[in-house]
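Starting from 1, each residue takes its place in the sequence as its number.
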Amino acid sequence: MPFSKTLTAARQNDFKTLHAALLACASVLALSGGVAYAADANPVPLVDAPVADAEGATAVDSVIVTGVRGARRTVADSPAPVDVISGDQLLATGKVGLKEVLNTLIPSFNLPGINGGGTSWTVRAITLRGLNGDQALFLVNGKRRHTTSLINNLARVGRGGVPVDLDFIPASAIARIEVLRDGASAQYGSDAIAGVVNIILKDDYEGGSFSYTGGQNFLGDGDTRAATINWGRDLGDKGGFVHLALNWKNNEAATRAVPSRAQYIYQPTVTSVGGVTTVTPDPRDATVDRYAWGLSYGPGEEDILAAAYNAELPWRDLKLYSSGTLSHRSSKKNTGSFLPNLAPVAGVTAGRPLNRNSLPEVYPDGFNAYRRIFELDFQTSFGARGETAGWAWDLSTTLAQDHAQLDGQNTLNATLGPKSPTYFHLSTHEFRQWTNNLDFTREFAGWLKNPLQVSWGLEHRYERFLIEAGDEASYIVGDYVIPAGQPFAVLRPNPGLASYAGTAPEDAGSIHRHSGAAYVDVGTDVTDTWYVGLAGRYEKYGKGVGDTFSGKLTTRWEFLPGYAVRATVSNGFRAPSLGQTLFATSTINGSLCPAAPNNIFRGAPCVPGEYLTFPTKVLRTDSVEAKALGAETLKPETSTNYSFGVTAEPFAGLRLTLDAYEIQIDDRIVDTSNLDLSVAQLSSRADLAPLLARFPQGLTATYYTNAVSTRTTGIDFVGEYGFSLGDFGRLNLNAAYAFNKTKITKLKATPAVLKAVNPSLVLFDRQKIADLTIGTPREKIIVGAQWALGAWTAGLRNTRYGRYTEAGTSANLDRTFSPKWITDLDIAWQVRESTNIAIGANNLFDKHPDKIGILNADQGTGQFGTFSPFGITGGYYYARLTQSF
């Protein structure tokens, strides 16, 4: 709903009252202990925070399983930085999507608010430590999580990535999340360049809980509802268990557009008497809803139902186990607003884009085009653990699939005329993954002072990616001519669907590949204070990707009790995703040939009045057309990672860590600039004759390529201190700081074939360079505290998002956004032992990004840009009920 004008006065007053109450609570908390992280019924840490329990144990002492094998270590003595986030804390943020939760809690995590079109608003591209989301590896119970089938083709930040869709993992199923902030390809395989996120599912064998959260933006839109339930029970009589979880979330659309500034929405009447021209507005212009054209500027509607299970059953000398998720999403997003037909009227339509596709027989009042995505996703793992000849082993198989149906609703193909469908099936995407692992580990004592931990293993992975064509009506160009008596009479509409395109048969296809890997991972405490670990991994991919070897050296030295230094050096890799290899799409553009003597269309003579079309294409990398423009077979991205850190625990309850890192990545996979190739330019090269034959009016093309090498440097700081206030409860203080900077160290030269066709063409232009290097904040600070007193807990978290730039196609269109502090508040009351209620706010003070002074006058969109890491919708306020059983 557009702005609060659609709310009743009573509803607005309710939210203003809640806003005032939350501000008052924030003031009290600030006086009593400063800013804080969100609270929950049982206070837990944010980033390794040392929150003491009744016996004084802290989260620093909690056992972790990520980054180490065999003998487990704690957060406090981990040789690499690991953040631990509890499952309770995920629910206490007030966020209803796992991506949004991690963006709230992890300083090195970034999630742009809108970030382009296509499917990127559904599976939003993330970054971790300044790198794309698919350069980090995600695990569930230590098993590789599959990626989405939806490529972020039209995203700006993280463009071309194929990340894991975290929203398909129910938050109520999660016991904790371990985030390894270090390169780990040698330990875990491809993708683990930026780090590893390991999601550990609950293994409780009795009891459960139900939670319901409801909220709304301060301006009254974006209503959100989320319900979770989880339940565990024992399985058999030997310590087995099964834990089930179900999450449902629904959020409505929101917009931050201003009213349309079009001079006229409907066609005015023009009369001329005695040389005097009179323009009379259509009466509907006086009452039309001018907010209706900006619905694309903000989040869309989404409904997700996600289920998960985790089970283990001892059988003889084995432990059989299985876990999995099954999820369905239905989403709807306005992807373009089209005002009614308005023919040129001298002096009254300046700045108004002319629209010949709102056929009055179909949409007399214009229309908003919606993209629909229906997605069914599952992953399941089965395995067994046992011990043979002193070796502990783990054999598992994991099967996963993401199936996405892309549709268009409330749109049309105007070239088919008034009989055009208004609902289209655009395409089907599907990704399948089958992973098999066999892991061994054993301690060898007697060789050194302390046991030597030796682990080794094998992995096989099969992947398949599929794109199917859409309805024929979604991609063909018809021959409809606008009839006399209408605006644009005797002209032809613009080709293609309004706002998006269906997948044509030539862009459909499938691809699959196998990969195999073997690794060795050894480590030992050389002395009681010095740990050394060494890992190596060999991996071989099919489909021309080739093989690679990666290694890692890790060490930690506690030079004084409570004080240690740690360091790692490693190299890594990321194989091209099948989506980047196969993906192709076409958008058709067209216009009439101008009258003589200007009858030139894209550099070639044409017949005046002739209707001509040309495509804008993402070319498949291995296609003949892409190779003719300089494309080469995609290579794996390779990396070298250095890190050095210091940890300090000066006294009980206080812990400080500081880690610096450098990540060098060669041959990063990106998409090219838009390569505009006219008929005349193509005709100048005999070797491009096949391309000209297929595209006789020329084309604008892009393709994926290993175009850049980068160096990312950064610092991560975490500080926590928890202490008792006696009769006034307990206070936990937290602070975290992340800084990263990406610099391009090598830029692939524009292929000679492109330079020969058009010397002005650039393979990777300034806008794409800026999106990669300055499109996300370099700094992020989270400071806070959590206060618990009796049945009450309260938290107030302040997050500072640093400066970032949304680059234009030229320097005068660049916009740099200033840093912003965002305040989150959560207040919870343990009504009785099993019942907890809470109210809270994300973005308590209703902050927005800077206004940039650039607006789409037609739609009223764009005033806050699109990259904002905290979104553009402002404050969000919620209430939560949790019932344990």
- Message: Looking only at side-chain N and O atoms, does D365 offer a donor or acceptor that is under 3.5 Å from a partner on Y266?
- Response: yes

- Message: Testing the basics here: between L497 and G502, what is the closest heavy-atom pair and its distance to 0.1 Å?
- Response: CD1-N, 4.5 Å

- Query: Does a side-chain heavy-atom distance below 4.5 Å link Q405 with L376?
  - Reply: no

- Message: Consider side chain to side chain contact (heavy atoms under 4.5 Å, CB included). Of I151, L154, V670, N152, which one does R159 pass it with?
- Response: L154

- Check whether any side-chain heavy atom of L578 sits under 4.5 Å from a side-chain heavy atom of L582, and report yes or no. no

- Item | Carboxylate-amine/guanidinium proximity below 4.0 Å for R432 and D402 | no

- Are the side chains of K768 and D765 in touch, meaning some heavy atoms are under 4.5 Å apart? yes

- Message: Using modelled atom types and a 3.5 Å cut-off, is there a donor and acceptor pairing between side-chain atoms of H429 and backbone atoms of S149?
- Response: yes

- In terms of side-chain geometry, is the basic nitrogen of D407 or R371 positioned less than 4.0 Å from the acidic oxygen of its partner? no

- Item | Heavy-atom pair of closest approach, residues V762 and L675 | O-CD2, 3.9 Å

- So do the side chains of L305 and S327 get within less than 4.5 Å of each other, counting heavy atoms only? no

- R372 vs F374, side chain to side chain contact (heavy atoms under 4.5 Å, CB included): CA-CA, chis, key distance, verdict: CA-CA 7 Å; R372 301 300 309 271; F374 303 95; 3.5 Å; yes

- Side-chain donor-acceptor pair present, N368, S337, cut-off under 3.5 Å: yes

- For R124 and D167, run salt bridge (Lys or Arg N to Asp or Glu O under 4.0 Å): C-alpha distance rounded to whole Å, both residues' side-chain angles, the deciding distance at 0.1 Å, then the answer. CA-CA 10 Å; R124 281 192 284 163; D167 287 339; over 6 Å; no

- Query: Which distance, rounded to the nearest 0.5 Å, do you find between the NZ of K543 and the OG1 of T633?
  - Reply: 12.5 Å

- Considering only NZ, NE, NH1 and NH2 on the basic side and carboxylate oxygens on the acidic side, decide whether D221 and R256 come within less than 4.0 Å. yes

- Is a side-chain donor or acceptor of D814 paired with a backbone partner of G808 at a separation under 3.5 angstrom? yes

- Between the side chain of D471 and the main-chain N/O of S474, is any donor-acceptor distance below 3.5 Å? no

- Short N-O contact, K332 and D303, less than 4.0 angstrom: no

- Task: Report the distance from atom CG of L677 to atom CG of L688, rounding to the nearest 0.5 Å.
- Result: 8.0 Å

- Message: To the nearest 0.5 Å, what is the distance between CH2 on W121 and CG on N334?
- Response: 10.0 Å

- S673 side-chain N/O to L763 backbone N/O, donor-acceptor pair under 3.5 Å: yes

- Derivation and outcome, side chain to side chain contact (heavy atoms under 4.5 Å, CB included), residues F367 and L412: CA-CA 10 Å; F367 63 99; L412 82 167; 3.5 Å; yes

- Item | Cationic N near anionic O, under 4.0 Å, D622 to K627 | no

- Query: Where is the tightest heavy-atom contact between I467 and A508, given as atom of each residue plus distance?
  - Reply: O-CB, 3.3 Å

- CD1 of I669 to CD of Q580: how many Å apart, nearest 0.5 Å? 4.5 Å

- Under 3.5 Å, is there a donor-acceptor pair between the N341 and S358 side chains? no

- Task: Assess the side chains of T269 and T280: does a donor N or O sit below 3.5 Å from an acceptor N or O?
- Result: no

- Item | Heavy-atom donor-acceptor pair, T581 side chain to S577 backbone, under 3.5 Å | yes

- Message: Checking the side chain of R815 only, and the main-chain atoms of G853 only, is there a donor and an acceptor separated by less than 3.5 Å?
- Response: no

- Item | Heavy-atom side-chain contact between L426 and Y500 under 4.5 Å | yes

- Ignoring hydrogens and angles, state whether a donor on the side chain of N153 or Y704 is under 3.5 Å from an acceptor on the partner side chain. yes

- Query: Which heavy atom of G294 sits nearest a heavy atom of T255, and at what distance?
  - Reply: O-OG1, 2.6 Å

- Query: Does the pair R329/D165 count as a salt bridge with the N-to-O cut at 4.0 Å?
  - Reply: yes

- Query: Cut-off 3.5 Å, side chains only: do Q486 and E361 have a donor facing an acceptor?
  - Reply: yes

- Residue pair F864 / I872: nearest heavy atoms and the distance that separates them: CB-CG2, 3.9 Å

- Is any side-chain heavy atom of T422 less than 4.5 Å from a side-chain heavy atom of N410? no

- Item | Audit row: R290, I265, side chain to side chain contact (heavy atoms under 4.5 Å, CB included) steps and yes/no | CA-CA 8 Å; R290 287 180 171 261; I265 300 295; 3.7 Å; yes

- Message: Looking at every non-hydrogen atom in both residues, tell me the closest pair between S420 and F424 and how far apart they are.
- Response: OG-CZ, 3.8 Å

- Task: Ignoring hydrogens and angles, state whether a donor on the side chain of S499 or T335 is under 3.5 Å from an acceptor on the partner side chain.
- Result: yes

- Distance-only, no hydrogens or angles: does the D134 side chain make a donor-acceptor pair with backbone N or O of T147 under 3.5 Å? no

- Message: Strictly below 4.0 Å, N to O, side chains only: are K249 and E302 in salt-bridge contact?
- Response: yes

- Backbone N or O of E468 within a donor-acceptor pair of the S427 side chain at under 3.5 Å? yes

- Item | Test item: L772 and V157 side chains (from C-beta on) under 4.5 Å apart, heavy atoms | no

- Item | Side-chain donor/acceptor of E806 to backbone N/O of T866, under 3.5 Å | yes

- Query: With the threshold set at 4.0 Å, does a side-chain nitrogen-carboxylate oxygen contact exist between R464 and E430?
  - Reply: yes

- Item | Between CZ on residue F867 and CD1 on residue I114, distance to nearest 0.5 Å | 10.5 Å

- Would a 4.5 Å heavy-atom cut-off, applied to side chains only, mark Y264 and Q267 as touching? no

- Could you walk me through whether W293 and T861 pass the side chain to side chain contact (heavy atoms under 4.5 Å, CB included) test, one step at a time? CA-CA 9 Å; W293 314 110; T861 59; over 6 Å; no

- Message: Between the side chains of R261 and D858, is the shortest nitrogen-to-carboxylate-oxygen separation below 4.0 Å, so that they form an ion pair?
- Response: no

- Quickly, which of T277, T278, V279 forms a side chain to side chain contact (heavy atoms under 4.5 Å, CB included) with T271? Name it, please. T278

- Going through the checks in order, is the side-chain hydrogen bond (donor to acceptor under 3.5 Å, both in side chains) test met by S586 and K617? CA-CA 4 Å; S586 305; K617 285 191 66 71; 2.5 Å; yes

- Can you measure from CD (E252) to CG (D223) and round to the nearest 0.5 angstrom? 4.5 Å

- Using modelled atom types only, decide if a donor and an acceptor are shared between the side chain of N413 and the backbone of A473 within a distance under 3.5 Å. yes

